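Here the structure is a predicted model, which is why all the values come from computation and not from measurement.
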Amino acid sequence: MAIEREIIESPVEQGADEEVAYSLTTTPWGGTPTSVAVKLYEGTERTDRTATMLSGSASVASDVITTPTVTGLTVDKQYRLEIKFTEASGNVVEPYLIINCEY
């Protein structure tokens, strides 16, 4: 049985003036994450906003990945935060979180 890729808390609301680092417990996807890469896309056209709207680096503590800080979002836009990593069995997985920006 496949694990759902969309993170259970998704979608989340983030204010335009907020700066948030999200945490992902990787146990449902196999745990022990390595080779972490985080990307942020805007809208259904999937415009890559990684370089301009993610600040800092991802970190790993045990089975938990903390993303770079998501910042500078535009009101009424939707974003997709993708968290790609290699799990304990060597599989590469990429769960994602939908972020809706509001005032």
Side-chain angles (χ1 to χ4, degrees):
M1 183 173 135
I3 299 295
E4 178 70 33
R5 289 186 60 223
E6 186 169 1
I7 296 168
I8 224 166
E9 293 82 5
S10 181
V12 298
E13 308 297 323
Q14 180 174 329
D17 294 330
E18 295 180 326
E19 299 179 4
V20 180
Y22 293 93
S23 293
L24 173 68
T25 301
T26 62
T27 309
W29 292 275
T32 317
T34 59
S35 303
V36 175
V38 179
K39 294 275 210 171
L40 183 70
Y41 297 98
E42 180 182 303
T44 55
E45 66 280 2
R46 293 182 47 88
T47 304
D48 190 345
R49 300 293 188 207
T50 303
T52 56
M53 295 181 164
L54 292 183
S55 177
S57 300
S59 63
V60 177
S62 187
D63 278 354
V64 177
I65 296 171
T66 301
T67 70
T69 302
V70 178
T71 184
L73 301 182
T74 301
V75 173
D76 293 331
K77 295 277 188 174
Q78 186 175 78
Y79 299 85
R80 179 177 167 127
L81 185 68
E82 296 183 351
I83 307 165
K84 181 177 172 182
F85 62 94
T86 303
E87 50 91 278
S89 298
N91 296 317
V92 176
V93 295
E94 192 172 41
Y96 66 90
L97 176 71
I98 300 298
I99 302 169
N100 294 315
C101 182
E102 60 186 17
Y103 287 107

Quiz item: Can you tell me how far the CE atom of Met53 sits from the CG atom of Leu81, to the nearest 0.5 Å?
Solution: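 Met53 CE to Leu81 CG: 12.5 Å, rounded to 0.5 Å.
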Quiz item: What is the distance from atom SG of Cys101 to atom CD of Glu42, rounded to the nearest 0.5 Å?
Solution: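 Answer rounded to 0.5 Å: 9.5 Å.
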Practice problem: Following the transitive rule for hydrophobic clusters with a side-chain heavy-atom cut-off under 4.5 Å over Ile, Leu, Val, Met, Phe, Trp and Tyr, establish whether Val93 and Leu97 coincide in one cluster. | Solution: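 Yes, same cluster.
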Quiz prompt | Val60 reachable from Phe85 in the ILVMFWY side-chain graph, under 4.5 Å edges | solution =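 They do share one cluster, since a chain of ILVMFWY contacts under 4.5 Å joins Phe85 to Val60.
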Quiz item: So, does Thr50 use its side chain to make a donor-acceptor pair with the main chain of Leu40 at under 3.5 Å?
Solution: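 At least one qualifying donor-acceptor pair exists.
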Do any side-chain atoms of residues 11-24 form donor-acceptor pairs under 3.5 angstrom with protein atoms, and if so which ones, sequence neighbours left out?
{"from": "Gln14", "atom 1": "OE1", "to": "Tyr22", "atom 2": "OH", "distance (Å)": "2.6"}
{"from": "Gln14", "atom 1": "NE2", "to": "Glu18", "atom 2": "O", "distance (Å)": "3.2"}
{"from": "Gln14", "atom 1": "NE2", "to": "Val70", "atom 2": "O", "distance (Å)": "3.0"}
{"from": "Glu18", "atom 1": "OE1", "to": "Gly15", "atom 2": "N", "distance (Å)": "2.7"}

Quiz item: Mind checking who shares a hydrophobic cluster with Tyr96, ILVMFWY linked at side-chain heavy-atom distances under 4.5 Å?
Solution: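 Tyr96 clusters with Ile98.
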Practice problem: Check which hydrophobic residues are tied to Val75 through side-chain heavy-atom contacts below 4.5 Å, counting indirect links as well, and list them. | Solution: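 Tyr103, which link up through side-chain heavy atoms under 4.5 Å apart, make up the rest of the cluster.
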Quiz item: What's the shortest heavy-atom distance between Ser57 and Pro68, and which atoms?
Solution: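 Looks like C-CG, 3.8 Å.
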Quiz item: For Ser89 and Glu87, which heavy atoms make the closest approach, and how far apart are they?
Solution: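 It is N-OE1, 2.6 Å.
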Quiz item: Below 4.5 Å, heavy atoms only, C-beta onward: do Ile83 and Ile7 meet side chain to side chain?
Solution: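 Of all side-chain heavy-atom pairs linking Ile7 with Ile83, at least one is under 4.5 Å.
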Quiz item: Does Thr66 reach the side chain of Ser59, with side-chain heavy atoms less than 4.5 Å apart?
Solution: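 Yes, close enough: below the 4.5 Å cut-off.
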Return a table of donor-acceptor pairs under 3.5 angstrom between the side chains of residues 27-39 and protein atoms on other chains or two or more places apart.
{"from": "Thr27", "atom 1": "OG1", "to": "Asp63", "atom 2": "OD2", "distance (Å)": "3.2"}
{"from": "Trp29", "atom 1": "NE1", "to": "Glu4", "atom 2": "O", "distance (Å)": "3.4"}
{"from": "Lys39", "atom 1": "NZ", "to": "Asp48", "atom 2": "OD2", "distance (Å)": "3.4"}

Exercise. State which residues pass side-chain hydrogen bond (donor to acceptor under 3.5 Å, both in side chains) with Arg46; sequence neighbours excluded, sorted by chain then number.
Key: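 So Arg46 forms a side-chain hydrogen bond (donor to acceptor under 3.5 Å, both in side chains) with Glu82.
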Quiz prompt | All side-chain hydrogen bond (donor to acceptor under 3.5 Å, both in side chains) counterparts of Gln78, not counting sequence neighbours | solution =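 Gln78 satisfies side-chain hydrogen bond (donor to acceptor under 3.5 Å, both in side chains) with Asn100 only.
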Practice problem: In sequence, state the C-alpha distance, the side-chain angles, and the governing distance for Leu54 and Thr67, and then conclude on side chain to side chain contact (heavy atoms under 4.5 Å, CB included). | Solution: CA-CA 9 Å; Leu54 292 183; Thr67 70; 5.9 Å; no
